[in-house]
Amino acid sequence: MGKVYVFDHPLIQHKLTHIRDVQTGTKDFRELVDEVATLMAFEITRDLPMEEIDLKTPVSETKGKILSGKKLAIVPILRAGIGMVDGILKMIPAAKVGHVGLYRDPETLKPIEYYVKLPSDVEERDFILVDPMLATGGSAVEAINSLKKRGAKNIKFLCLVAAPEGVEEIKKEHDDVDIYIAALDEKLNEKGYIVPGLGDAGDRLFGTK
Ligand code: PRP
Ligand code: URA
């Protein structure tokens, strides 16, 4: 059964408040999303396996722990997920990066897939799927379908702001996927936007409208 983690770390919450603020421009928005992604990566890598090695410090022989080389892949959902990739790579620079391109049809709110490229050894990797927004959940569910169809078995979903509807949709369709959220918001509005949310994440990141 997948778990839902909502991060209440003060640094994450502080930065998220500025991300939400309509006065925050593209440059600051981008930098803040990058910083929050780094902080969230720190939290979601808590359970990475470790191994013990022998080493010498300048003073004595000792043992130390290192990551045991688990293969990871980060997969942003295009476009907005791109804004979180570099922040995560700062913590796990050896991870491979795949891409899933989806956009939400503005009328039906259904996701439309237009691009998929994943590392070739899909079955050996653990996946961190990233998108700042989890609204109806349609895009995340479709992206998870896409990863699973290609052989991915272990998938975590990481987002900044989620609506309860989106969390329920992932739990219903993919109850093996753990969900990591910076803030669980109140609801969706009639246009499928998260309330209070942060607006259109892709447009705010890339300065489009
Ligand atoms: C946004 C967001 C998610 C999706 C969430 O992308 O980045 O991918 O909407 O909505 P859902 O949970 O209801 O599917 P959008 O479709 O606006 O595409 P973009 O990133 O290219 O702007
Ligand atoms: N996509 C966004 O970018 N923002 C929302 O609030 C919902 C979907």
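As the structure lists them, so they are numbered: ligands from 1, and atoms in each ligand from 1. All heavy atoms count here, side chains included; hydrogens, waters and symmetry mates do not.
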Output yes when [X] and [Y] qualify as a salt bridge under the 4.0 Å nitrogen-oxygen rule, no when they do not.
X: Glu124; Y: Lys71; value: yes
X: Asp28; Y: Arg204; value: no
X: Glu31; Y: Lys27; value: yes
X: Asp200; Y: Arg104; value: no

Identify, for [atom], the protein heavy atom at the shortest distance, and state residue, atom and that distance.
atom: atom 21 (O) of ligand 1; value: Arg79 NE, 3.1 Å
atom: atom 16 (O) of ligand 1; value: Arg104 N, 2.7 Å
atom: atom 3 (O) of ligand 2; value: Ala201 N, 2.9 Å
atom: atom 17 (O) of ligand 1; value: Asp200 OD2, 4.1 Å

Exercise. For Lys56, which residues count as a salt bridge (Lys or Arg N to Asp or Glu O under 4.0 Å) partner, sequence neighbours excluded?
Worked result: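 Once residues adjacent in sequence are excluded, Lys56 has no partner under the salt bridge (Lys or Arg N to Asp or Glu O under 4.0 Å) criterion.
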Exercise. Does ligand 1 have an atom that lies less than 4.0 angstrom from a heavy atom of Asp131?
Worked result: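 It does, in that a heavy atom of Asp131 comes within the 4.0 Å cut-off of ligand 1.
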Problem set entry | Gly192 near ligand 1 by a heavy-atom separation under 4.0 Å |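 Outside the 4.0 Å threshold, so no.
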Exercise. Does Ala80, backbone or side chain, put an N or O under 3.5 Å from an N or O of ligand 1?
Worked result: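 Ala80 vs ligand 1: N/O contact under 3.5 Å present.
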For this session: Pick whichever of Gly137, Gly81, Cys159 has a heavy atom sitting closest to atom 12 (O) of ligand 1.
Result: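 The option holding the nearest heavy atom is Gly137.
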Exercise. What do we get for Ala135 next to ligand 1 when only non-hydrogen atoms under 4.0 Å count, side chain, backbone, both or neither?
Worked result: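 The answer is both, backbone and side chain.
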Problem set entry | Protein heavy atom under 4.0 Å of atom 19 (P) of ligand 1 |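 Under 4.0 Å from atom 19 (P) of ligand 1, at least one protein heavy atom found.
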